[in-house]
J.: 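Mind having a look at this structure? Questions to follow.
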Amino acid sequence: MIVTPEFILLSLVVVTALAFDFTNGFHDTANAMATSIATKALSPKAAVALSAILNLIGAFLSVEVALTVTNAVIRIQNPDGTPRADLVADGGHTLLLILMAGLAGAIIWNILTWLWGLPSSSSHALFGGMVGATVASLGWGGVKWIGDGTKLDGVIGKVVLPALISPAVALVVAFIGTRLVFWITAKIARRYQEAGFRWGQIGTSSLLSLSHGTNDAQKTMGVVTLALIAGGFVDPVQHEIPLWVKFACALAIASGTYIGGWRIIRTMGKGLVEVLSPQGMAAESASAAVILTSSQLGFALSTTHVSTGSIIGSGLGRKGATVRWSVATKMVLAWLITLPSAGLIAAGLWWIGYLVGPGAGDWIVFSLMCLAALYMWWHSKRDPIGHHNVNDDWDSGRSKPNPKPKVPVSGGVG
Amino acid sequence: MNQVIAALDATWRILAIGVLLGAGLPALFAVGVRALAWGTAAEGDAPDEDAKLEPTLVGRLVAYTMFAIVILAVLAGVGYIVAHGFGLKVTFNGLMPVITPKS
């Protein structure tokens, strides 16, 4: 076969999509496991291993994958999931460049927030990247900003409103749950209280991990298949997800989970509030209940927002616990800017790719993303956080910038 | 504006079911944990931290019933996730779950 620029771009898009899936995995390990690690219900390594296995199983459980992941916010597909004909007329290049820039923007934002130790939503990053690349390519009309009538849709209905509502709901549920469990178990020895709830925590964390695998892996499966349709490798009428796509996506998200976003786990498990195991179980139950109920009602929310809301709620619910509002405020700020930031990065990358032109432009977008990722990874080495120090005291100075060494000035008068 | 109304409509449902399951089930679990300590030295206004836990028969029965309810609920959650993954839609006819293919 002839290697066309479109084929190369398609390969780059697939690799980038899998890389996004990987960042999605490590960014979200904290949602299910942060409190279990903080209360020592599970050792850090056991927690990420369990979560990775459940994500893998969950990913394979996604038998029916919707191709319409991006349909909620952008107009690059027909209602049945096939790409718009005008975007694939040039061998799919127009559509592929949008996907490429969108995914690259999402990855860069995910890694940046990981570097900062902030749990931001991977789905918001993905939607933001796609919106940014679409606006750059097709103009403002390419984005579905708000849904029609009472069906929740568009950027407002699928992203903005759920982001405002879901953490608040989770906070209330976790607050009530924490109050109840501490009230019921107030009069028993602390030792048995802790031990009993650790078992409960393992169950609820596992449920959250499984649900994450089924929900998030299939977003990437949908994007990869869309790219393959655009490149003409998958029949747009049948649009079956190829088996290798499922395997690759499942492995990418599970290995990401196993790597563990320790910086984010630390912020959620130790930074927001000191978590005791009854509190951890209440928080995780609240997250699981809110996530599953919302999925039943078709309310698209972000697991990250729910988990954070639950942890804060559990901190407010336990008498004597203090919520570090400075940490919480930073997180909320990160949520607010996730969609626009990923969008701006993606739009910038799209313009670079477009101006340089097919072929070289695609490589430049891909290389810029790799360079940004490598730079941030290198930067993280200055203040490494891993399974060995994830549970250290938050205020002990580890999380603060290194104090300037006081080197006595030699010579002179001082 | 319709979007906001639709979102608020979903909100109160999620809140109601969320409180029922998300706060109710840990509370039942807590009753179980408490029941294991019923009538032992590990329970009281100043519980003996070093007491060995020897649950009474009633305490044991209550505790295991509570744990069983919570485990069943978690399994129901797993079943729900699996059904969704296979493209099935779970609706509730009263309390009885009905599984149908997604349209």
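Numbered from 1 within each chain, the chains take letters A, B, ... in sequence-line order. Bear in mind the structure is a predicted one, so any value in this text is a computation, not a measurement.
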J.: How close do Val181(A) and Pro26(B) get, counting heavy atoms only, and between which atoms?
T.: CG1-O, 3.3 Å
J.: I need the full list of ring pair (Phe, Tyr, Trp, His ring centres under 6.0 Å) pairs touching residues 52-72 of chain B, with sequence neighbours left out, sorted by first then second residue.
T.: Phe29(B)-Phe67(B)
J.: Within a reach of under 6.0 Å around CH2 of Trp145(A), are more than 12 heavy atoms found that belong to other residues, nucleotides or ligands?
T.: yes
J.: Enter the distance from Leu161(A):CG to Leu8(B):CG here, rounded to the nearest 0.5 Å.
T.: 8.0 Å
J.: Under 4.5 Å from any heavy atom of chain B, what part of Phe175(A) do you find: side chain, backbone, both or neither?
T.: neither
J.: Using non-hydrogen atoms and a 4.5 Å limit, figure out which bit of Leu207(A) sits close to chain B: side chain, backbone, both or neither.
T.: both
J.: In chain order, what residues pass the side-chain hydrogen bond (donor to acceptor under 3.5 Å, both in side chains) check against Arg179(A), with sequence neighbours excluded?
T.: none
J.: Would you mind checking which part of Ile184(A) comes under 4.5 Å of any heavy atom in chain B, side chain (CB onward), backbone (N, CA, C, O), both or neither?
T.: both
J.: Measuring from Ile81(B):CD1 to Ile57(A):CD1, what's the distance to the nearest 0.5 Å?
T.: 11.5 Å
J.: Answer yes or no: is there a side-chain heavy-atom contact under 4.5 Å between Lys187(A) and Arg34(B)?
T.: yes
J.: So if I take each residue of residues 15-24 of chain B and look for any heavy atom under 4.5 Å from a heavy atom in chain A, which residues do I end up with?
T.: Leu15(B), Ile17(B), Gly18(B), Val19(B), Leu21(B), Gly22(B), Ala23(B)
J.: With a 4.5 angstrom heavy-atom cut-off, could you sort out which part of Val172(A) is near chain B: side chain, backbone, both or neither?
T.: side chain
J.: Evaluate the side chain to side chain contact (heavy atoms under 4.5 Å, CB included) criterion for residues Tyr192(A) and Val33(B): first the C-alpha distance (whole Å), next the side-chain angles of each, then the deciding distance (0.1 Å), finally the verdict.
T.: CA-CA 8 Å; Tyr192(A) 294 120; Val33(B) 172; 5.6 Å; no
J.: Using the salt bridge (Lys or Arg N to Asp or Glu O under 4.0 Å) rule, collect all pairs that involve residues 4-32 of chain B, keeping only residues at least two apart or in two chains.
T.: Asp9(B)-Arg13(B)
J.: So which atom in Ala30(B) and which in Thr185(A) form the shortest heavy-atom distance, rounded to 0.1 Å?
T.: O-CG2, 3.6 Å
J.: Go through the atoms of Thr214(A) and report whether side chain, backbone, both or neither lie under 4.5 Å from a heavy atom of chain B.
T.: side chain
J.: Could you tell me which of Leu25(B), Ile71(B), Thr11(B), Leu36(B) has the largest number of non-hydrogen atom pairs under 4.5 Å with chain A?
T.: Thr11(B)
J.: Please assess Ser295(A) against Tyr80(B) for the test side chain to side chain contact (heavy atoms under 4.5 Å, CB included), listing each intermediate value before the final yes or no.
T.: CA-CA 10 Å; Ser295(A) 124; Tyr80(B) 178 82; 3.5 Å; yes
J.: Tell me, side chain or backbone of Thr204(A) under 4.5 Å from chain B's heavy atoms, or both, or neither?
T.: neither
J.: Pick one of side chain, backbone, both or neither for Ile176(A), based on which atoms fall under 4.5 Å of a heavy atom in chain B.
T.: both
